[in-house]
Amino acid sequence: MIHRPILQLLTRTSLVTQIIIGLVAGILLALLWPQATDEVGFLGSLFISALKAVAPILVFILVASAIANHKPGQPTHIRPILLLYLIGTLSAAIVAVIASSLWPSTLVLSNVATGSTPPGGIAEVLKTLAMSAVDNPVNALLKGNFIGILAWAIGLGIAIRHGSETTRSVFGDLAEGVSLIVKVVIRFAPLGVFGLVATTFADAGLKALLGYAQLLAVLVGCMLFVALVVNPLIVFSQIRRNPYPLVFTCLRESGITAFFTRSSAANVPVNLQLAERLGLHEDTYSVSIPLGATINMAGAAITISVLTLAAAHTLGIVVDMPTAILLCVVAAVCACGASGVAGGSLLLIPLACSLFGIPSETAMQVVAIGFIIGILQDSAETALNSSTDVLFTAAACMAKEERSAS
């Protein structure tokens, strides 16, 4: 009987409110009883592992089911969404270049990061993407290779469209079953956030960030500007009405969980559930959301541009406008190749640094700095990346529906 009031309270309280409560509780625990954070940190690790475990199979089943059960003549809106992804990522890179020129940052280049090998050029990034698309499907599912998962899901879905009605129904039932499992996992997000926040604040706190306050201010400021100014303008160009209710909904319900999971891939189930609640076209969002987790990387474009230009400024390298424009393009392309896991964009910084003749040894020092400030930078980056996936999907779907109705 005691548990019933607690259960009723949980069902009446929104998930976002519960996550905020978990956030505050995690901070308080880290400040008041830091010794206990090792124990509760398991909750955060368990939550992220559950999301990462269910995300690949969810994407595979949902995309294959959506394509297999797609009726000829039924509209989808993938093409305009891809265009919005491209515009958003390139715009973010331009904002980062402008901000870096207005408020140049200086780095302390001393410690060299080792153990990871950055890509050697844009051609290598594109080659990696192509090889990912033809990866073994089992390996793609095990490794969370979403490009490979999408490629196989699309191919299987097209093939099953020519199969029997029973086979298509089975995939539809599988999609509903996996979606139910995801909803159960997401209900534990408040506990996961509680564990993640407690561990993060207890381990690093704010001391590691104070030495790079200006750099962080430029990075996070650019991401906020894109989230609150650039993205709303892009959405307004599509729906032709006040974009902020939709923008704030996506930031609140997708950005908060992405901020703490620090993984666009892990946040795919959250975005799919949000798209469903927004009443979007399932055949569209079941493809565009997982695709966005791989190629829609506005936050990564900002990180690559700002840290690269900070390194150039530290070394006294003058950046002219044509080179800055080229950096915008390179950052946008590199961002599409960024991994959907924590810190995935940092290893692409040496590629952008090569534009200015900065040696890889120095560039890897910049990567090391990126990991130091990653407690805040990577969280904000992922929140922008992931919330924009569902934002642009919703904008394209709403615009198409309004044009069809008029």
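This is a predicted model, so every value here is computed, not measured. Residue numbers run from 1 in the order of the sequence given.
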Which atoms form the tightest heavy-atom contact between C397 and L280, and what is the distance? CB-CD2, 4.1 Å
Do the side-chain N and O atoms of T166 and S169 include a donor-acceptor pair separated by under 3.5 angstrom? no
Sub-4.5 Å side-chain heavy-atom contact between V270 and L274: no
With sequence neighbours left out, what residues match F236 under ring pair (Phe, Tyr, Trp, His ring centres under 6.0 Å)? none
Do you know which two heavy atoms are closest between V235 and P243, and how far apart they sit? CG1-CB, 3.7 Å
Check: N267 side chain, S254 main-chain N or O, donor-acceptor pair, under 3.5 Å: yes
Once you round to the nearest 0.5 Å, how far does CG of D173 lie from CD1 of I61? 11.5 Å
Spatial distance of atom CG (L219) from atom CD (Q214) [nearest 0.5 Å]: 10.5 Å
side-chain contact (heavy atoms from CB on, under 4.5 Å) partners for S288, two or more places apart: I78, I81, Y85, T284, Y285, T393
Residues in salt bridge (charged side-chain N to carboxylate O under 4.0 Å, His left out) contact with R240, at least two apart in sequence or another chain: none
Side chain to side chain, F171 and L156, heavy atoms closer than 4.5 Å: yes
Separation between CZ (F60) and CG (L141), nearest 0.5 Å, reads 6.0 Å
Would you list the atom pairs, donor with acceptor, under 3.5 Å between side chains in residues 297-311 and any protein atom, with sequence neighbours excluded?
residue : atom : partner : partner atom : Å
T303    : OG1  : G299    : O            : 3.1
T303    : OG1  : Q377    : NE2          : 3.0
T303    : OG1  : E381    : OE1          : 2.6
S305    : OG   : A301    : O            : 2.9
T308    : OG1  : I304    : O            : 2.6

Just verifying a value: how many Å separate L391 CG and L84 CG, rounded to the nearest 0.5 Å? 9.0 Å
Name all residues meeting the side-chain contact (heavy atoms from CB on, under 4.5 Å) criterion together with L46; count only those two or more places apart in sequence or in a different chain, and write none if there are none. F42
By side-chain contact (heavy atoms from CB on, under 4.5 Å), A399 pairs with (sequence neighbours left out) Q238, R403
Rounded at 0.5 Å granularity, tell me how far CG in N296 sits from CG in D389. 4.5 Å
Using a 3.5 Å distance criterion without hydrogens, assess whether the side chain of S237 forms a donor-acceptor pair with backbone atoms of I234. yes
Do C250 and L246 touch side chain to side chain, with heavy atoms closer than 4.5 Å? yes
Considering all heavy atoms of both residues, which atom of V218 and which atom of A99 are nearest to each other, and what is their separation? CG1-CB, 4.2 Å
List the atom of W152, the atom of D135, and the distance in Å for their closest heavy-atom pair. NE1-O, 2.7 Å
Between P290 and V268, the two heavy atoms sitting closest are CA-CG2, 4.4 Å
Can you confirm whether N231 sits close enough to F392 that some side-chain heavy atom of one is under 4.5 Å from a side-chain heavy atom of the other? yes
Closest approach of P245 and N242, non-hydrogen atoms and distance? CD-O, 3.5 Å
Taking S386 for the side chain and T382 for the main chain, is one N or O donor matched with an acceptor at less than 3.5 Å? no
Would you compute the distance between atom OH of Y244 and atom CG of L251 and round it to the nearest 0.5 angstrom? 10.5 Å
